[in-house]
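Everything on this sheet refers to the single structure shown next.
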Amino acid sequence: QVQLAEFGGGLVQAGGSLRLSCEVSGRTATVKYMGWFRQAPGKEREFVASVNWNAGVTAYAESEKGRFTISRDNAKNTVYLQMNSLKPEDTAVYYCAANYLGWRFREKDGYPAWGQGTQVTVSS
């Protein structure tokens, strides 16, 4: 199992940028994918992006393509989410999560390990 800790949330104006970080500790060799999800008040937790831990292959939710970039630094055991052109509807708690299966990397049920989350608020 791994432990996850997110950093980098905050308040930003619409059109601005933020970079979230997720530090991964523990049995990192078991990780197949790292994902970012978000949950807005009253809504379901939704997939944002994922990255294959070894190969670096990325996947994005359609609404985030072109605005968000997920990356990882295996030497630092850290995953990043660069968010540009932020919109008020991006306001949510953002979570990083670890997938050990190697599939279901777009589904929250495919991720048994979660961080505490970091709040991102985008003002209009």
Side-chain angles (χ1 to χ4, degrees):
Q1 296 291 339
V2 296
Q3 294 77 48
L4 308 174
E6 301 98 335
F7 303 92
L11 173 64
V12 63
Q13 288 190 329
S17 298
L18 278 177
R19 188 174 83 154
L20 306 183
S21 301
C22 173
E23 295 182 357
V24 186
S25 60
R27 298 181 62 192
T28 57
T30 62
V31 175
K32 298 295 189 293
Y33 287 87
M34 289 297 300
W36 284 99
F37 289 76
R38 67 186 182 188
Q39 188 166 18
K43 293 189 176 182
E44 293 285 322
R45 192 170 298 189
E46 64 178 4
F47 171 76
V48 174
S50 67
V51 61
N52 180 285
W53 187 245
N54 292 317
V57 178
T58 58
Y60 296 91
E62 199 61 35
S63 59
E64 276 66 67
K65 278 185 181 178
R67 296 192 302 126
F68 292 6
T69 302
I70 188 171
S71 62
R72 91 272 189 252
D73 184 332
N74 294 65
K76 295 182 179 180
N77 287 336
T78 301
V79 180
Y80 304 97
L81 184 68
Q82 177 67 44
M83 305 185 293
N84 299 327
S85 303
L86 283 162
K87 306 173 184 179
E89 51 264 43
D90 293 319
T91 295
V93 178
Y94 283 70
Y95 298 89
C96 68
N99 168 302
Y100 309 120
L101 298 174
W103 63 89
R104 301 184 72 188
F105 51 84
R106 290 179 176 267
E107 304 173 33
K108 59 181 183 294
D109 290 344
Y111 292 80
W114 293 83
Q116 298 283 345
T118 184
Q119 176 71 47
V120 171
T121 303
V122 184
S123 63
S124 56

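Please read all numbers here as calculations on a predicted model, not as lab measurements.
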Report summary line: Taking every heavy atom of I70 against every heavy atom of Y60, the minimum-distance pair comes out as N-OH, 2.9 Å

Query - F7 and T118, any side-chain heavy atoms less than 4.5 Å apart - result: no

Query raised in the report: Taking the side chain as C-beta and beyond, is there a heavy-atom pair between V31 and Y100 under 4.5 Å?
Result: yes

Query raised in the report: Are L86 and Q13 side-chain neighbours, meaning at least one heavy-atom pair lies under 4.5 Å?
Result: no

Report summary line: Of all heavy-atom pairs linking T30 and V2, the shortest is OG1-CG1, 4.5 Å

Query raised in the report: Any idea which heavy atoms bring S17 and Q82 closest together, and the distance?
Result: CB-NE2, 3.9 Å

Requested in this report: Taking all non-hydrogen atoms of both residues into account, name the closest pair between L4 and A98 and its distance.
Outcome: CD1-N, 3.7 Å

Query raised in the report: Do V51 and W36 belong to the same hydrophobic cluster, where Ile, Leu, Val, Met, Phe, Trp and Tyr are linked whenever their side-chain heavy atoms lie under 4.5 Å apart, directly or via other members?
Result: yes

**Report entry** Separation between CD of E64 and OG of S85, rounded to the nearest 0.5 Å
**Finding:** 12.0 Å

Query raised in the report: Does any non-hydrogen side-chain atom of K32 lie less than 4.5 Å from one of F105?
Result: no

Query raised in the report: Less than 4.5 Å apart, any side-chain heavy atom of R67 and any of D90?
Result: yes

Requested in this report: Flag this pair as yes if the NZ/CZ of R19 is under 6.0 angstrom from the six-membered ring centre of Y80 and inside a 45 degree cone about the axis; otherwise no.
Outcome: yes

Report summary line: Rounded to the nearest 0.5 Å, the NZ atom of K76 sits from the OG atom of S21 at a distance of 9.5 Å

Query raised in the report: Which value, rounded to the nearest 0.5 Å, describes the distance between N99 atom CG and D109 atom CG?
Result: 11.5 Å

**Report entry** same_hphob_cluster(V24, Y33) at 4.5 Å side-chain heavy-atom cutoff
**Finding:** no

Query raised in the report: Is any side-chain heavy atom of W53 closer than 4.5 Å to a side-chain heavy atom of N77?
Result: yes

**Report entry** Nearest heavy atoms of A49 and L81, plus distance in Å
**Finding:** CB-CD1, 4.3 Å

Query raised in the report: When hydrophobic residues are tied together by side-chain contacts of less than 4.5 Å, even through go-betweens, does F47 share a cluster with M34?
Result: no

Requested in this report: Give a yes or no on whether the backbone of V122 and the side-chain of T91 come within a donor-acceptor separation of less than 3.5 Å.
Outcome: yes

Query - Co-membership, hydrophobic cluster, residues W114 and V48, 4.5 Å side-chain - result: no

Report summary line: Smallest heavy-atom separation, M83 atom then Y94 atom, equals SD-CE2, 3.7 Å

Query raised in the report: Can you tell me how far CG of N84 sits from OG1 of T69, rounded to the nearest 0.5 angstrom?
Result: 6.5 Å

Query raised in the report: Taking only residues two or more places apart in sequence, or in another chain, which ones meet E46 in a salt bridge (charged side-chain N to carboxylate O under 4.0 Å, His left out)?
Result: R38

Query raised in the report: Heavy atoms, side chains only, cut-off 4.5 Å: are E6 and L20 in contact?
Result: no

Report task. Please work out whether the ring planes of Y111 and F37 are parallel, tilted or perpendicular, with thresholds of 30° and 60°. Result -> perpendicular

